[in-house]
Novice: 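One structure, as structure tokens, below. Some questions next.
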Amino acid sequence: MSIEISKIYSAKEIEDKWYSYWIEQNYFHSEPDSREPFSIVIPPPNVTGVLHMGHMLNNTIQDVLIRRARMKGKNTCWVPGTDHASIATEAKVVQMLREKGIKKSDLSREDFLKYAWEWKEKYGGIILEQLKKLGASCDWQRTRFTMEPKLSGAVTDVFIDLFEKGMIYRGLRMVNWDPQGKTALSDEEVIYKEVNSKLYFIRYKFSGDENSSFITIATTRPETILADTAVCVNPNDERYNQFIGRTVLVPFINRPIPIIADEYVAMDFGTGCLKVTPAHDINDYALGQKFNLPIIDILNDDGTLNEKCEVEKYNNKDRFAVRKQIAIDLEDGGFIQKIEEYKNQVGTSERTGAVIEPRLSLQWWVDMKKFMAKNPQVLDSVMNDEIKFHPAKMKNTYKHWLENIKDWCISRQLWWGQRIPAWYDSKGNFVVAKTIDEAISKFKVQGLKVEESEIKQDEDVLDTWFSSWIWPISVFDGFDDKSNKDINYYYPTNDLVTGPDIIFFWVARMVMSGYEFKQQKPFNNVYFTGLIRDKQRRKMSKSLGNSPDPLELIEKFGADGVRMGMLLCSPAGNDILFDESLLEQGRNFSNKIWNAFRLIKGWEIKPDSQFDLELLKSNQISAQWFDNRLDEILNDIENKFSDYKLSEALMAIYKLIWDDFCSWYLEMIKPNFGDPINQSTYTKTIELFEKLMKILHPFMPFVTEEIWQNLDSRKKGESICIASYPNINTSKVNSENNLERAFETISKIRELRNKNGISPKTSFEISVKTNEEKLYKPYEFLIKKLANISSIVYAEGASKSNVLAVATDQVFVELNIQLDVDAEKGKAIQEIKYLEGFLQSVDQKLSNAKFVENAKPELIEKEKQKKLDAEIKMALLKSKLNKL
RNA sequence: GGGAGCAUAGCUCAGCUGGUUCAGAGCAUCUGCCUUACAAGCAGAGGGUCCUUGGUUCGAAUCCAUGUGCUCCCA
């Protein structure tokens with residue numbers, strides 16, 4: 001068989017083969033039963049999106065958690081799905097229509113939605129298909145979409161419920177306006193970016209004194225002067241307080257505006273004079289309210305200026321075009337004092353990237369303070385670790401946000417999404433109701449008589465996050481049927497895996513909705529991944545083009561290789577500095593395992609009776625040693641998992657397989673070329689290999705399945721996916737085996753060979769001087785085999801110079817080697833020096849009365865032992881030095 | 001401007017309640033090997049003032065303070 005197995009592991013066909021098999025066998029589907037549940041809801045990716053590096057990491061982690069739980073006998077359910085991403089999707093549909101020559105404004109809402117659904121059916125959900133390539137073991141039969149009827153119904157119900165509880169209101173407030181998406185955004189959807197801009201210093205002349213005097217204001221947005229309704233100075237500012245109450249003229253349009261005074265104005269910024277534009281700045285709006293200033297809104301919803309700007313040539317021109325033009329015009333008019341380079345933070349839309357305009361607008365809001373007052377567990381449960389964050393330091397960010405929480409703007413001026421269930425009569429009265437009939441009766445209750453034809457539903461839709469915040473409940477239809485068997489069984493879910501950038505979008509709001517609607521937390525653990533960056537620490541982004549195509553990477557390194565490579569270097573909360581070499585490591589590991597498999601499968605097996613005892617005994621020792629080692633590491637892995645240290649758990653299994661299993665164990669039991677292996681060792685090795693594959697399976701599902709299937713004869717329907725995870729064997733067999741000295745001897749001999757250019761093929765004799773022959777005798781066979789030693793005697797050897805220090809023993813290499821005496825001497829002297837220092841520090845400690853008094857007794861014992869060992873080593877070194 | 005976090009080998013990171021079995025791991029580097037499982041490999045090796053300066057302590061990578069540098073969040 002061995003001859004036919006390829007030297008190189010080829011992931012491609014193996015991965016496709018097993019994924020289809022898993023789906024065929026329906027291993028990933030879950031129904032409630034008597035077992036303990038283990039559930040994860042996927043943080044729904046954008047339906048229009050494609051898989052990117054962040055998704056790969058995120059979903060690999062979820063898959064590891066799910067697969068492990070599945071093997072541990074839990075009834076696991078990983079619910080996949082997508083959200084409808086109103087702005088992003090609508091933008092894409094609008095663009096598609098534009099390419100067809102259709103304007104959105106020419107379409108009715110219904111027609112537009114028809115196109116949108118068509119688009120979604122065609123392109124939506126690509127990302128879910130891509131997740132399959134990664135090996136994600138989602139319950140695909142449970143795939144949900146935030147806009148499907150049931151989930152939309154839940155969203156509407158939640159809106160109505162919160163409105164009736166007084167936690168949703170409609171209000172005119174300053175919002176973040178996205179002029180490209182033509183919609184309001186919540187604060188969380190605004191991304192601040194530092195940009196290089198200009199600070200314009202503009203003169204405002206005094207009314208009635210136009211020729212001689214003026215004051216100067218500084219602004220980065222000169223086009224907004226056309227909406228100014230005041231100039232404000234600090235009353236304590238001696239430069240200006242004489243002017244308070246006077247009137248200045250807005251340049252160009254000569255609108256007279258008052259000079260007002262407020263301590264809000266920073267005297268040291270710009271000129272100390274602030275132009276007040278209540279319609280286009282949040283702080284100015286507050287000032288406007290305070291001083292009862294008029295509000296002049298000069299912007300259209302698409303970011304162009306309207307007729308209120310009073311300058312005809314700016315009318316219908318984009319704000320940025322006007323900014324350029326007005327700078328020139330002001331300069332020409334002699335209004336510019338100077339222009340400085342200036343760096344400032346500009347808000348941009350998370351979805352469209354457009355520069356946000358603060359804009360006064362009537363929107364729907366969730367009253368977050370009220371919400372939190374009712375649900376203090378939202379903060380408490382995280383702070384007291386009822387919901388555990390990994391890493392815990394994310395609790396700070398969470399706390400800070402909740403303690404400074406602002407109302408949530410949930411209406412969006414879009415069509416793609418759940419339409420707000422508010423109904424208006426012709427006079428502007430409104431009710432909130434699920435259907436028009438309910439609305440009519442609610443109007444009636446208020447004593448308003450309305451006809452159906454007079455009523456209009458709100459034109460806006462709800463924020464997508466208003467769908468996803470209830471996702472852990474809604475995917476189990478927990479609103480539709482409040483105590484159905486799914487929600488009762490799977491909720492609260494176990495883990496949520498997400499990026500730190502959406503701690504507010506998802507984590508915080510899911511916790512909020514969990515307590516409000518289920519009176520229960522939505523998940524027990526939150527695992528925060530890091531962000532994927534490139535080697536220069538830049539975030540991966542489309543515009544930089546520094547994001548590799550995940551599918552190409554899977555093609556190149558195998559899904560297992562990609563998963564392993566990414567996970568190995570990403571502790572929770574730490575960013576990954578992505579580089580393909582990481583994935584190479586993963587691919588190499590697949591290959592390593594593959595070759596171990598090839599080796600084992602290539603052996604010819606003969607009954608134990610045909611082997612001599614020494615070999616049988618040695619193989620037995622080897623197997624017992626590795627068996628114990630495996631248990632030790634398995635225990636370690638358990639601990640790491642309970643701390644969610646996934647990358648460390650993976651590293652532990654990596655080293656267990658590569659170093660302990662391949663480099664040591666297999667070499668220990670490997671028959672000489674062409675020789676057969678004895679039956680019992682073979683059987684044991686298969687058993688051990690199988691265990692290793694199971695432990696690794698959650699991380700690298702494909703290669704482990706392929707090997708597992710071939711290690712033994714399997715029946716149809718069997719799979720490592722549903723095999724049981726190894727238990728730690730508490731009853732250690734023959735754990736008195738201590739191979740440490742033997743291993744050290746082997747390593748030291750190899751080192752000697754390396755240093756002196758002695759071929760591994762040259763065998764020689766060694767003499768061991770030790771008080772503990774039992775640490776060598778049982779393992780002679782192994783030492784001879786792995787270090788190519790011809791014979792071992794227990795005595796002081798003849799060799800004067802080739803003496804290896806193995807712990808406190810001496811190993812004499814009986815071989816004539818031309819030693820570099822000076823180098824050896826130097827090395828010995830150096831070691832003696834180190835030991836002297838070491839001894840000194842130990843002595844100091846032991847002679848320190850306070851140390852002896854305060855330190856634990858076992859610590860003092862340790863120190864004494866250290867002293868003894870060091871003294872023996874020192875004596876050995878000194879005698880070696882003398883001989884040299 | 002407000003808040004939080006981080007600083008340990010060339011790189012990415014472990015180091016819990018202080019005690020040289022705590023100065024570690026992987027990758028990278030270097031040396032020697034095409035040894036019939038694997039060169040996507042084997043056997044070895046080198047490499048760190050644990051950011052600075054103080055303090056607490058018998059004892060500090062670990063605790064405290066200061067400074068410096070970086071990152072993130074919020075406005």
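Here is the naming used below: chain letters follow the sequence lines, and residue numbers restart at 1 for every chain. Keep in mind that this is a model prediction, so the values were computed, not measured.
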Novice: Round to a whole Å and report the spacing from CD1 of A:I758 to P of B:G32.
Specialist: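 It is 16 Å, rounded to the nearest whole Å.
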Novice: From CD1 of A:I503 over to P of B:C73, roughly how many Å is that when rounded to an integer?
Specialist: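 For the pair A:I503 CD1 and B:C73 P, the rounded distance is 11 Å.
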Novice: A:W408 ring centre to A:R509 NZ or CZ under 6.0 Å, with the angle to the axis within 45°?
Specialist: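 Yes, A:R509 and A:W408 form such a contact.
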Novice: Please determine whether any donor N or O and acceptor N or O are separated by less than 3.5 Å between the side chain of A:E667 and the base of B:A43.
Specialist: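 Donor-acceptor pair under 3.5 Å: no.
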Novice: Have a look at A:F589 and say if it touches a base, only the backbone sugar-phosphate, or nothing, with a 4.0 Å heavy-atom cut-off.
Specialist: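 A:F589: no heavy atom of the nucleic acid under 4.0 Å.
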Novice: In whole Å, measure the gap between the C1' atoms of B:G47 and B:C30 for me.
Specialist: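 About 10 Å, rounded to a whole number of Å.
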Novice: How close or far is atom P of B:C73 from atom CD1 of A:I502, stated in whole angstroms?
Specialist: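 Taking CD1 of A:I502 and P of B:C73, I get 12 Å after rounding.
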Novice: Starting at atom CG of A:D659, determine the distance to atom C1' of B:G44, rounded to an integer number of angstrom.
Specialist: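 That distance rounds to 14 Å.
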Novice: Using atom P in both nucleotides, what's the gap between B:A43 and B:C34 to the nearest angstrom?
Specialist: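 The answer is 15 Å between these two P atoms.
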Novice: Looking at A:N595, I'd like to know whether one of its side-chain N or O atoms comes within less than 4.0 Å of OP1 or OP2 on B:G41.
Specialist: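 For B:G41, OP1/OP2 do not have a side-chain N/O of A:N595 under 4.0 Å.
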Novice: Identify whether any heavy atom of A:K640 sits under 4.0 Å from a base atom; if not, whether one sits that close to sugar-phosphate; answer base, sugar-phosphate or nothing.
Specialist: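 Nothing: the residue A:K640, judged by heavy atoms under 4.0 Å, touches no strand.
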Novice: Whole Å only: how far is the CH2 atom of A:W594 from the P atom of B:A39?
Specialist: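 It works out to 15 Å between those atoms.
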Novice: Hey, are A:D534 and A:R538 close enough for a salt bridge, meaning a charged N less than 4.0 Å from a carboxylate O?
Specialist: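 A salt bridge links A:D534 with A:R538.
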Novice: By nearest nucleotide on RNA chain B, pick out whichever of A:F504 and A:I600 is the more 5' one.
Specialist: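 Closer to the 5' end of RNA chain B: A:I600.
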Novice: Got a salt bridge between A:R587 and A:E580, using NZ or NE/NH1/NH2 to carboxylate O under 4.0 Å?
Specialist: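 The answer is no: the pair does not qualify as a salt bridge.
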Novice: I'd like to know if A:E667 and A:K670 make a salt bridge, using a cut-off of under 4.0 Å between side-chain N and carboxylate O.
Specialist: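 Salt bridge flag = yes for A:K670 with A:E667.
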Novice: What nucleotide, of B:A45, B:A75, B:A37, holds the atom closest to the side chain of A:D187?
Specialist: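 The nucleotide sitting nearest to the side chain is B:A75.
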Novice: Check whether any side-chain N or O of A:N710 sits under 3.5 Å from a backbone N or O of A:E706 as a donor-acceptor pair, and report yes or no.
Specialist: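 Judged by distance alone, yes, a pair lies under 3.5 Å.
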Novice: If each of A:D501 and A:K7 is mapped to the nucleotide of RNA chain B with the nearest heavy atom, which maps nearer the 5' terminus, i.e. the 5' end?
Specialist: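 It is A:K7, whose closest nucleotide lies nearer the 5' terminus.
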Novice: Closest approach to the side chain of A:M651, judged atom by atom: which nucleotide of B:A25, B:A75, B:A40 is it?
Specialist: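 Within the option list, the nearest is B:A25.
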Novice: Would you please indicate if the ring centroids of A:F743 and A:Y779 are separated by under 6.0 Å?
Specialist: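 Centroid separation for A:F743 and A:Y779: 6.0 Å or greater.
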Novice: Taking OP1 and OP2 of B:G44, is either one under 4.0 Å from a side-chain nitrogen or oxygen of A:S747?
Specialist: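 Affirmative; the distance criterion is met.
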Novice: For residues A:F764 and A:N788, determine if any side-chain heavy atom of one lies less than 4.5 Å from a side-chain heavy atom of the other.
Specialist: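 No - every pair of side-chain heavy atoms lies 4.5 Å or more apart.
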Novice: Can you check each nucleotide of nucleotides 5-18 of chain B against protein heavy atoms at under 4.0 Å and return B for base, S for sugar-phosphate only, - for none, in 5' to 3' order?
Specialist: S------SSSS---
Novice: When all nucleic acid strands are considered with a 4.0 Å heavy-atom cut-off, which category describes A:Q345: base, sugar-phosphate, or nothing?
Specialist: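 The residue A:Q345 makes base contact.
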Novice: May I have all residue pairs that pass salt bridge (Lys or Arg N to Asp or Glu O under 4.0 Å) and include part of residues 390-399 of chain A, sequence neighbours excluded?
Specialist: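 Qualifying pairs, neighbours excluded: A:D385-A:K395, A:K399-A:E403.
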Novice: Think A:Y654 has a side-chain N or O under 4.0 angstrom from the OP1 or OP2 of B:C27?
Specialist: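 For A:Y654, the contact criterion (side-chain N or O under 4.0 Å from OP1 or OP2 of B:C27) is met.
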Novice: Is there a side-chain polar atom (N or O) of A:W658 under 4.0 Å from OP1 or OP2 of B:C42?
Specialist: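 True: A:W658 side-chain N/O within range (under 4.0 Å) of B:C42 OP1/OP2.
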Novice: Consider the side chain of A:N591, meaning its heavy atoms from C-beta on, and name the nucleotide among B:C38, B:A37, B:C42 that approaches it most closely.
Specialist: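 Ranking B:C38, B:A37, B:C42 by closest atom to the A:N591 side chain puts B:C38 first.
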Novice: Quick check: closest heavy atoms across A:I605 and A:N678, and the distance to 0.1 Å?
Specialist: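 So the minimum-distance heavy-atom pair works out to CG2-C, 4.5 Å.
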Novice: Name the closest nucleotide to the A:K670 side chain, picking from B:G2, B:A37, B:U35.
Specialist: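 Of B:G2, B:A37, B:U35, B:A37 is nearest to the side chain of A:K670.
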Novice: In this structure, how many angstroms lie between the P atom of B:U31 and the CG atom of A:N756, rounded?
Specialist: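 A:N756 atom CG is separated from B:U31 atom P by 18 Å.
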Novice: Expressed in angstrom and rounded to an integer, what is the separation of A:K592 atom NZ from B:C38 atom P?
Specialist: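 It is 10 Å, rounded to the nearest whole Å.
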Novice: Any ion pair linking A:K684 and A:E687 (charged N to carboxylate O, less than 4.0 Å)?
Specialist: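 Judged by the 4.0 Å cut-off on N to carboxylate O distance, A:E687 and A:K684 do form a salt bridge.
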Novice: Let's test your reading of the pairing rules: Watson-Crick or G-U wobble, both distances under 3.5 Å, then write RNA chain B as a dot-bracket string with ( ), [ ], | and dots.
Specialist: (((((((..((((.....[....)))).(((((.......))))).....(.(((..]....))).)))))))).
Novice: What's A:S663 touching, base or sugar-phosphate or nothing? Going by heavy atoms closer than 4.0 Å.
Specialist: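 Counting heavy atoms under 4.0 Å across all strands, the contact made by A:S663 is with sugar-phosphate only.
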Novice: Quick one: pull up CG in A:L752 and OG in A:S747 and give me the separation to the nearest 0.5 Å.
Specialist: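 Rounded to the nearest 0.5 Å, the CG-OG separation comes to 12.5 Å.
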Novice: In this structure, how many angstroms lie between the P atom of B:G44 and the CZ atom of A:R750, rounded?
Specialist: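 Nearest whole value for this atom pair: 5 Å.
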Novice: Taking only the side-chain nitrogens and oxygens of A:R598, find out if one of them lies under 4.0 Å from OP1 or OP2 of B:G41.
Specialist: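 So the side-chain polar atoms of A:R598 never come under 4.0 Å of the phosphate oxygens OP1 or OP2 of B:G41.
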